[in-house]
Number of protein chains: 2
Amino acid sequence: MTADLSRDTLTRSAEDYLKAVYHLTADGEAAGTNQLAEALDLAPASVSGMIRRLAEQGLLDHAPYRGVTLTADGRRVALRMLRRHRLIEAYLVAHLGYTWDTVHDEAERLEHAVSDTLVERMAKVLGDPLEDPHGDPIPGPDGSLAEMVYVPLADVPVGQEAEIRRVHTSQSDRLRYLSGAGLVPGARVKVVAREPFAGPVRLRIGKRDQVIANELALMLLCSLPGSLA
Amino acid sequence: MTADLSRDTLTRSAEDYLKAVYHLTADGEAAGTNQLAEALDLAPASVSGMIRRLAEQGLLDHAPYRGVTLTADGRRVALRMLRRHRLIEAYLVAHLGYTWDTVHDEAERLEHAVSDTLVERMAKVLGDPLEDPHGDPIPGPDGSLAEMVYVPLADVPVGQEAEIRRVHTSQSDRLRYLSGAGLVPGARVKVVAREPFAGPVRLRIGKRDQVIANELALMLLCSLPGSLA
DNA sequence: CTTGACATTTCGTATACACGAAATAACTAT
DNA sequence: ATAGTTATTTCGTGTATACGAAATGTCAAG
């Protein structure tokens, strides 16, 4: 059943498509062609063609005009890429002087080139970390993933304290801004006020007050003291 | 004059061809199509086509039926790949538990994927090494290369002491054998005897005697105490 | 000189992936 | 139901790289 997923069976493009489908279907919905085209910065026509090929290879389930989901094999590939990507990010930050706003692009290229051996060596050197520098969970070598349920800071009630756990963006300008403001995984903040209609969020971090756009607050995933997380 | 050699201007294949031409022309002779095809494990017809494209891009000089040499731009690319490759090997050995017989393939893939930034970070962490684990010199970021002239162990006179400086192969089975025998860069050996007609070489290393095939002795590049190297 | 033998190039073709334009399916609002 | 909008697919193409078969150039031996 399990197709040959070892090395070099899949092209870089295929790996990128599967990763994208993984992310787009995280909400349980099938991923549309346009969505995918947008995410991969390709023309919809190109995506349509690639979807056909990946479906033929048994990596995607495709319901024409309905979108795609990952097959078990496809998910395996996506999770392996995710593990690679996040471990590489963690390694580059820990050992090669990268900052969380600069690792993404490097990891994006390396994830297609490293061997399983190298990935596992990096994991070992890092002490088998469970999260990357953005707080994103790192899948196990077997494809297991301990996905926590966090609350976007945008949804944390006013007056509530919260601890930032994940910062869900890979855009370096945003990451730079956020780390400048101390809004990194592990930081504790208190929501002081929020404007209605997706308005900005005012929060207290340490002794400073900070106002951030709702758009950013959506990316800061938090745990609330008292909840199990 | 200097063409755009930054990132992504060149395909992986192009980089591999230029590297191969670099190695094949080390003796001063132009590299033939068949030679190149052999080195890259491709059909001569494919090489012929690629040669044309690389010549059009100003990376190779091509005299039809005569072979190719690198242009200045081509050499720049080749030396950058060489720097990448050797630094990556050095880094993997120093920090990620690789041995010199296992690094080659990994470096071969990574050299196409790492950014200049990452290469220079690795160089820095390593303290800007001048040689890789095989004793091969690492070109500078500017493309400078301090190539030493060494004597193959196969040519060292009987009775002479020599220090191994470079081990000129990337085949892991040979490398494993050689390191098992202690024949690594820095080792001091004394040639005890040699059979005629490219026969095996008997040598003394430490307190042990060792006989190695001439083929291997050709790959062990040595400096002789007393010579300037 | 001429003739093999061998190296090299040319030619037609295949695969993987991208594109735009045009055709088609699906949904939405009347 | 049906027309318009939007999403998706199909089709014809282009680029990069590989291949084998056939044509052609080169050189050494006679």
(request) Classify the side-chain pair B:T71/B:D73 by whether it contains a donor and acceptor separated by less than 3.5 Å. (result) no
(message) Under a 3.5 Å threshold, yes or no: a donor from one side chain and an acceptor from the other, between B:D16 and B:H112?
(response) yes
Phosphate contact ([N] OP1 or OP2) by [X] side-chain N/O below 4.0 Å:
X     : N      : answer
B:R66 : D:dC27 : yes
A:H62 : D:dT8  : no
A:R53 : C:dC17 : yes
B:Y17 : D:dA16 : no
B:S13 : D:dA16 : no

(request) Check DNA chain C against residues 25-37 of chain A and give the residues with a non-hydrogen atom under 4.0 Å, in numerical order. (result) none
(message) Side chains of A:E120 and A:R83, heavy atoms from C-beta outward: is any pair under 4.5 Å?
(response) yes
(message) Quick test of your reading of the model: are B:R84 and B:D116 salt-bridged, counting only N-O distances below 4.0 Å?
(response) yes
(request) Indicate, with a heavy-atom threshold strictly under 4.0 Å, whether B:L42 touches base, sugar-phosphate, or nothing. (result) sugar-phosphate
(message) Can you tell me which nucleotide in C:dC17, C:dG20, C:dA7 comes closest to the side chain of A:A43?
(response) C:dG20
Can you name the atoms? Protein N/O to nucleotides 10-13 of chain C N/O, anything below 3.5 Å, with the distance.
none

